[in-house]
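Atoms within each ligand, like the ligands themselves, are counted from 1 in listed order.
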Amino acid sequence: MKNIYSNIQKNNNKNLSKAIKYLKSNQLVGVPTETVYGLAGNAYSQSSIKKIFKLKKRPKINPLIIHYYNYKSAEKDVFLNKNFFKLYNKLCPGPITFILKKKKNSPISQLATANLDTVAIRFPKHSSIRFILKKTNFPLAIPSANKSGGVSPVKSKDVEEEFGNKLKLIIDGGKCRIGLESTVIDLSDKLKILRPGLINSKKIGKIIRAKVLMNKNFQKIKSPGSLKKHYSPGIPMKLNQKKPTNDCAFITFGKKYSQKKNFFNLSKNANLNEAARNLYSVLRKIKKNKYKKICVVKIPNKNIGVAINNRLKHAAS
Ligand code: TXA
Ligand code: MG
């Protein structure tokens, strides 16, 4: 049954146009992307950006990703380089974010970029957010639509759970296809992956014909957000476990695990893409069911498994 009081609205043209109207008047909207749901605001408007930081309770030192329809609309804000175009041509729109040098006369709010001389830019693929970006003459700052430090939302309902009626409009675009945040790659300095995602270093290396390093050192990570507690379900979590302890929620992967009340299988077929898509929903469910501890089996560290393990490590720390 449709709840007429809900701020969740189907992604038809009428509601997408409403979203555009809100964004133009510097209000925030919950939006779907192919990775996770985001909290969108006008990146050229200081007042919109202030609202994002306030609603998310996000530390001011953690910059936002700026989202565009295509590279043409980004030219005004950043210096696009050779490696950028190689990757853009093969992978965009898609789940990858580029760190580039900011242009001095860019109108992007300084608050959005935490006063850095770089900007993170992304071209999301979900048709709803593309519809919106095509019809706004400003880019959108879109962090994941969760309170700072928490688990990213992958359904419109999750966004409502995070912000309740503080958001007037959340566009429902179905469950996110990927379920983990975009890969973040630094192209402004030494090539380096700052946050792993579906698009991995091997794929990137092939396209730009160079070795791409993974930023392994969490202490020295250039993404300021990665220093803090992140992706956290708010309950203690133990990784690489063979068996569950009595009272924990047990996150499993693959066929060999039985169906028990406290067992949550990320993918019975041992499919890593499916596991990525389910991870954040499972974490939310476990929290809702009031478990006090989480144990997780070992997840293969290949393909998107690298990104899954990265999020699990952060969530457990
Ligand atoms: O998939 C995604 O990227 C999602 C969807 C909604 O597009 N967005 C997202 O945004 O994950 P957020 O704010 O949750 O994560 C942005 C990450 C943070 O770790 C932040 O520190 C990093 O990007 N970041 C932003 N600007 C940066 C910059 N100039 N240099 C280094 N890292 C930056
Ligand atoms: Mg986030």
Arg277/Glu274 salt bridge by N-O under 4.0 Å criterion: no
Ligand-side contact atoms (ligand 1) for residue partner Ser182, heavy atom cut-off under 4.0 Å: 1 (O), 2 (C), 3 (O)
Under 3.5 Å: N/O of Ser144 near N/O of ligand 1: yes
Check: Asn62 N/O within less than 3.5 Å of ligand 1 N/O: yes
Ligand 1-proximal atoms of Leu116, by part, heavy-atom distance under 4.0 Å: side chain
Name of the residue among Lys293, Lys261, Lys290 meeting salt bridge (charged side-chain N to carboxylate O under 4.0 Å, His left out) with Asp247: Lys293
Shortest reach to atom 8 (N) of ligand 1 by a heavy atom, considering only Ile142, Ile61, Val119: Ile142
Test of proximity, Tyr37 against ligand 1: N or O pairs below 3.5 Å: no
Close N or O approach (Glu181, ligand 1; < 3.5 Å): no
Location of contacts on Arg58 toward ligand 1, heavy atoms closer than 4.0 Å: side chain
Stepwise side-chain contact (heavy atoms from CB on, under 4.5 Å) test for Ile99 and Ile185: CA-CA 6 Å; Ile99 309 293; Ile185 181 164; over 6 Å; no
Heavy-atom proximity to atom 10 (O) of ligand 1, best of Pro59, Ala120, Pro143, Ala145: Pro143
Between SG on residue Cys176 and OH on residue Tyr280, distance to nearest 0.5 Å: 11.0 Å
Short N-O contact, Arg284 and Glu162, less than 4.0 angstrom: yes
N, O or S atom of Tyr231 closer to the Mg ion (ligand 2) than 2.8 Å: no
Heavy-atom gap Ile65 to ligand 1 smaller than 4.0 Å: yes
With Glu181, the side chain to side chain donor-acceptor pair (under 3.5 Å) member among Arg311, Arg195, Arg122: Arg311
Candidate with minimal heavy-atom separation from atom 30 (N) of ligand 1, of Ile178, Ile99, Ile52: Ile99
Candidate pair Phe98 and Tyr71, rule side-chain contact (heavy atoms from CB on, under 4.5 Å), full reasoning: CA-CA 11 Å; Phe98 310 99; Tyr71 81 88; over 6 Å; no
same_hphob_cluster(Leu100, Ile193) at 4.5 Å side-chain heavy-atom cutoff: yes
